[in-house]
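Report on the following structure.
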Number of protein chains: 2
Amino acid sequence: MIKVALVDDNVDLREGLQIVLKEHSDEFECIGAFGDAETALKKIPELKPDVVLMDINLPGISGIDCLKQLKPKLPNLDVIMLTVFADDDTVFDSLCAGACGYITKNASPEKILDAIREVRDGGAPMSGRIARMVVTSFKAPGDAAAQLTDREKEVLDQLCKGKSYKMVADALNITHDTVRHHIKNIYKKLEVHSVSEAILKTMKKKII
Amino acid sequence: MIKVALVDDNVDLREGLQIVLKEHSDEFECIGAFGDAETALKKIPELKPDVVLMDINLPGISGIDCLKQLKPKLPNLDVIMLTVFADDDTVFDSLCAGACGYITKNASPEKILDAIREVRDGGAPMSGRIARMVVTSFKAPGDAAAQLTDREKEVLDQLCKGKSYKMVADALNITHDTVRHHIKNIYKKLEVHSVSEAILKTMKKKII
DNA sequence: GTTTCTGTCACATTAATATGTGAAGACCGC
DNA sequence: GCGGTCTTCACATATTAATGTGACAGAAAC
C-alpha cells in the first residue's frame, strides 16, 4: 500500500486525483490533499506519506520551496512534481531541491499512477521531453578544448584540482616557469585572465 | 519508418534484436548491425540511421568513444546505450558523450522497442534505476553552506563569477580589506586555502 | 631544409592573494 | 545591560600569480 499526499491549489485536480486513487484503493491510499504549501508543511511531516505529488505554482510558498523544507524532515519521501510548466530553470531547480520525478499535467491519470509506482520502485518518472532536457544537460557543448594542446590540458586539469603553480610544476615534473608559460597560453586561448576564470570556464564548457 | 542500427559484439543479441525489429517491420527497419566500433564508425555515417542501439563493452574502441566520434558527424542521431553495466561513471560518461537514452540489457524486447519509439519522439528512455541516478545527481548534498553567513555567501558568489578581491569590493561597496576578512572566514569554514579550491568546493557541493 | 608549433627554461617587474593582528559599530538574544 | 556574532575597516608582510621578453631543442609540416 502506497501512502500518497497531494499538494495543488486547483480543487478540481485535487478531487480528481483523489477519485482516481480511490479507484485503485488496493494499491494506493490518499492520506492528504492540500491547497497550499503552508498547510502541506504543517501536515505532511506528521502524516509521513510515501509519495507526494507537488504542484509548483502555489499561492504563497512555491512547490519547490515547499519541497526544500520538506526534504530534510522526511529524507525518504519521494516527491513527484506535477505541473504545467516545464522550462529549464523550473525543472532543474526542482531536481536540485530533491524531486525524484517530474511530470506535466497533461499526463493521463494512468500515467500518473504509473509514475507513483515507478518512483516507489526506485525509478525517476519524467515526461519524455523533461527526461531529454535532463539528459542533454550533461552533454558537453562545442569542444572549446580542441585548441588546447595536450600539455596545456594537463596543466589546466591540475589547476582544476585546486593546485597552485608550484604544485602543478611538481606534479608534471617541470619548472615553475614552464607552468607559467602554459597557463599564459591557456589564458589566451580561453580568453580569461585568472585561474578562477579558467576553472569556471572549464567547468561550464566541460572542457576537461 | 524508423531506421535502426545495432552495435554489439554479442552475435546472439544482434540477431535476436534484428528478428524483433523485423517482426515490427511496419515501424522499424534495421539497416545495419555491427560487432565492433571500428566497423560501426566506417558504416554508420553512410547509412545515416535514425537510432543506434550501442553496447558499451566492445572489443577495441568502447561504445562511449564510438559515440563520441559518431556524434559530430551525425548530430541528429539518437543513440541509446544498451548494456549490462550501470555504474555511475559509465552512465554519466555516456550522457556526456551525447547518449539520449540508457537501458540495461535485462529489459524486455518490447521495452527496447518502446525506447526506440520514445527517443524518436524527443524523449530519453532510461531504466528506472538509471533515471534515478541521473536525477539524484542534481540534488545538492548536505548543506555545507549553512555555516556561511549571508555576507560570506555573497562574497563567495562573487568569487564564483570569476571576480578578484578588488572587483568584489566594488560590487559589494566594501573595502578590499573587508573582502579579505570575509574570504579568510570562508576559507576556514570550507577548509580550503585558495580561491580556486573555494570555487571548486562550492561547485561540487552546490553550496550556492 | 627551413619554418612552425610545442614544450622546455630563465630573469625581471608589477599586481593580487594569503596570513596575522587589532579594533569599532550594529544587531540579537538572554 | 552584557556577551555573542556579523560586518566593517586598517596596517603589515610574505607568498603567489600575472605579464613581458628572450631563448633553445625536438617534432611535425611544408
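All heavy atoms count here, side chains included; hydrogens, waters and symmetry mates do not. To find a chain, count down the sequence lines: A is the first, B the second, and so on, and within it residues start at 1.
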Would you say B:Lys184 reaches C:dG20's phosphate, i.e. side-chain N/O to OP1/OP2 under 4.0 Å? no
Under a 4.0 Å heavy-atom criterion, the protein footprint on nucleotides 5-11 of chain C, written with B, S and -, is -SBBBBB
For B:Lys71, give me all partners under salt bridge (Lys or Arg N to Asp or Glu O under 4.0 Å), at least two apart in sequence or on another chain. none
How about A:Ile174 and A:Arg151: do any of their side-chain heavy atoms sit closer than 4.5 Å? yes
With sequence neighbours excluded, give me every side-chain hydrogen bond (donor to acceptor under 3.5 Å, both in side chains) pair touching residues 87-97 of chain A. A:Asp87-A:Thr90
Which pairs pass salt bridge (charged side-chain N to carboxylate O under 4.0 Å, His left out) with one or both residues in residues 48-61 of chain A, sequence neighbours excluded? A:Asp50-A:Arg120, A:Asp55-A:Lys105
If I take atom NZ in residue B:Lys188 and atom P in nucleotide C:dT21, what distance separates them, rounded to the nearest angstrom? 11 Å
List for me each residue that meets salt bridge (Lys or Arg N to Asp or Glu O under 4.0 Å) alongside A:Glu38, sequence neighbours excluded, and say none if there are none. none
Starting at NZ of A:Lys166 and ending at P of D:dA17, how long is that distance when rounded to a whole Å? 8 Å
Please report the distance, rounded to the nearest Å, between CG in B:Asn185 and C1' in D:dC9. 14 Å
Report the residues that fulfil ring-ring contact (aromatic ring centres under 6.0 Å, His included) with B:Phe85, sequence neighbours left out, ordered by chain and then residue number. none
Write down the distance between CG (B:Asp170) and C1' (D:dT8), rounded to a whole number of angstrom. 16 Å
Find the distance A:Lys163:NZ to D:dT16:P and express it as a whole number of Å. 16 Å
